[in-house]
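Heads up, the thing below is written out as structure tokens.
Values below: all heavy atoms of this structure, side chains included; hydrogens, waters and symmetry mates excluded. Chain letters run A, B, ... following the sequence lines, proteins first and then strands; every chain starts at 1.
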Number of protein chains: 2
Amino acid sequence: MIKTIKELRDHGILPTAQRLAVAEYILHSEAHPTADQVWERVRVTSPTLSRATVYNTLNLFVNKGLIQRQVLREGTVVFDGMNDAHHHFIDEETGQIFDIPWDAIEVKTNGNLGEYDIHAYQVVMRGRRKKKTS
Amino acid sequence: MIKTIKELRDHGILPTAQRLAVAEYILHSEAHPTADQVWERVRVTSPTLSRATVYNTLNLFVNKGLIQRQVLREGTVVFDGMNDAHHHFIDEETGQIFDIPWDAIEVKTNGNLGEYDIHAYQVVMRGRRKKKTS
DNA sequence: GTTCGTGCAAACGGTTTGCAACAAT
DNA sequence: ATTGTTGCAAACCGTTTGCACGAAC
């Protein structure tokens with residue numbers, strides 16, 4: 001909580017009650033919620049929070065580099081509290097999105113891509129997540 | 001043209017005038033157009049073509065495995081006439097999307113992904129495309 | 001008292017859908 | 001006659017925006 005306040009300040013974000021509520025959720029969430037899902041969730045504890053504020057707040061967080069916006073789903077954008085480079089796995093049946101650590105995958109280009117100045121990349125995998133082996 | 005008719009039939013798609021017009025464009029397009037862009041374009045030669053038919057037709061093509069639907073852009077889906085597995089590069093300034101041949105990139109997982117049953121994957125790269133050399 | 005954030009409702013843009021007219025077989 | 005396709009308009013859903021109110025410095 002006090003840690004979250006500091007994190008907002010460190011990113012040049014004035015910490016308000018609403019922003020704190022959103023940050024507390026998104027920064028500690030394993031899920032990759034849509035803006036509306038964030039609203040649903042945070043509204044439980046902050047019932048006065050408006051949908052517009054959630055959208056504005058999440059966009060602010062993205063612009064300030066606190067979280068990432070990911071285009072992984074049709075029709076909507078999801079937000080990712082994991083802020084370092086990483087890959088993604090999407091369960092084709094449940095639609096769930098999982099973060100894959102950067103060093104779990106090695107990507108090598110074979111020199112034919114001279115035309116392109118690559119600033120960033122990620123691997124997007126699709127399939128089925130097996131039953132948790134505890 | 002006659003070749004396109006065959007291609008539609010081979011995918012179990014009844015070739016109508018509208019479907020042919022859409023197919024002729026999307027199958028030979030280097031661009032990665034949105035449904036609306038397909039409409040704009042195909043409407044030039046087929047002015048009676050409705051927006052709904054374009055959406056329906058593109059979805060039909062995807063379901064029949066003739067083209068791919070790609071989630072690479074915020075707010076909209078793009079269609080890709082290249083039907084084999086390949087990667088993508090997105091120019092961050094122009095928004096243009098380029099197909100990257102499958103064998104131009106090598107992806108190796110280092111064995112930590114046992115939880116995941118991977119059916120498909122692609123690398124999504126972002127950056128700037130350099131001026132064409134030649 | 002000026003600046004910034006919030007909430008509401010309306011607007012917006014991409015997409016889907018219900019339905020009536022219309023082939024095609 | 002039945003089945004499938006098209007076109008139109010309305011509906012839908014995620015998101016943004018205009019504006020008035022309110023809080024903070």
Problem set entry | A/Asp117 side chain vs B/Lys130 backbone, donor-acceptor pair below 3.5 Å | no
Problem set entry | B/Leu20 CG - D/dT6 C1' separation (whole Å) | 15 Å
Problem set entry | Side-chain N or O of A/Arg19 closer than 4.0 Å to phosphate OP1/OP2 of C/dG5 | yes
For this session: Report the distance from atom CZ of B/Arg43 to atom C1' of D/dT6, rounded to the nearest whole Å.
Result: 16 Å
Exercise. For A/Thr34, which contact category applies under a 4.0 Å heavy-atom criterion: base, sugar-phosphate, or nothing?
Worked result: nothing
Exercise. Do the side-chain N or O atoms of A/Asn59 get closer than 4.0 angstrom to the phosphate oxygens (OP1, OP2) of D/dT16?
Worked result: yes
Problem set entry | Under-4.0 Å side-chain N/O to phosphate OP1/OP2 contact, B/Thr48 with D/dG7 | yes
Problem set entry | Nearest-nucleotide 5' precedence on DNA chain D, B/Leu49 against A/Val78 | B/Leu49
For this session: From the options A/Arg129, A/Arg128, A/Arg73, select the one residue that forms a salt bridge (charged side-chain N to carboxylate O under 4.0 Å, His left out) with A/Asp91.
Result: A/Arg128
Problem set entry | Rounded interatomic separation in angstrom, taking CZ from A/Arg73 and C1' from D/dT15 | 16 Å
Problem set entry | Value in whole Å for how far the C1' atom of C/dC4 lies from NZ of A/Lys64 | 13 Å
Exercise. Under 4.0 Å between a side-chain N or O of A/Tyr55 and OP1 or OP2 of D/dT15?
Worked result: yes
For this session: Provide, to the nearest angstrom, the distance between the CD atom belonging to A/Gln37 and the P atom belonging to D/dG14.
Result: 9 Å
Exercise. To the nearest angstrom, how far is A/Leu58 atom CG from D/dT15 atom P?
Worked result: 10 Å
Exercise. Are OP1 or OP2 of C/dG7 and a side-chain N or O of A/Ser50 less than 4.0 angstrom apart?
Worked result: yes
Exercise. Taking OP1 and OP2 of C/dT6, is either one under 4.0 Å from a side-chain nitrogen or oxygen of A/Thr16?
Worked result: yes
Exercise. Any idea how A/His32 and A/His88 line up, ring-wise: parallel (<30°), tilted (30 to 60°), or perpendicular (>60°)?
Worked result: perpendicular
Exercise. So, B/Phe61 versus B/Phe79, ring centres under 6.0 angstrom or not?
Worked result: no
For this session: To the nearest Å, give me how far apart CD (B/Glu40) and P (C/dT15) are.
Result: 13 Å
For this session: Would you mind telling me which residue lines up with the more 5' stretch of DNA chain C, A/Gln18 or B/Asn56, judged by nearest nucleotide?
Result: A/Gln18
Problem set entry | Most 5' of A/Leu60 and A/Arg51 on DNA chain C, judged by nearest nucleotide | A/Leu60
Exercise. Can you tell me how far CG of B/Leu72 sits from CD1 of B/Ile97, rounded to the nearest 0.5 angstrom?
Worked result: 5.0 Å
Exercise. Atom CG of A/Asp36 and atom P of D/dT16: how far apart are they, to the nearest Å?
Worked result: 11 Å
Exercise. Can you find a side chain N or O atom of B/Thr76 that sits less than 4.0 Å from OP1 or OP2 on C/dT15?
Worked result: yes
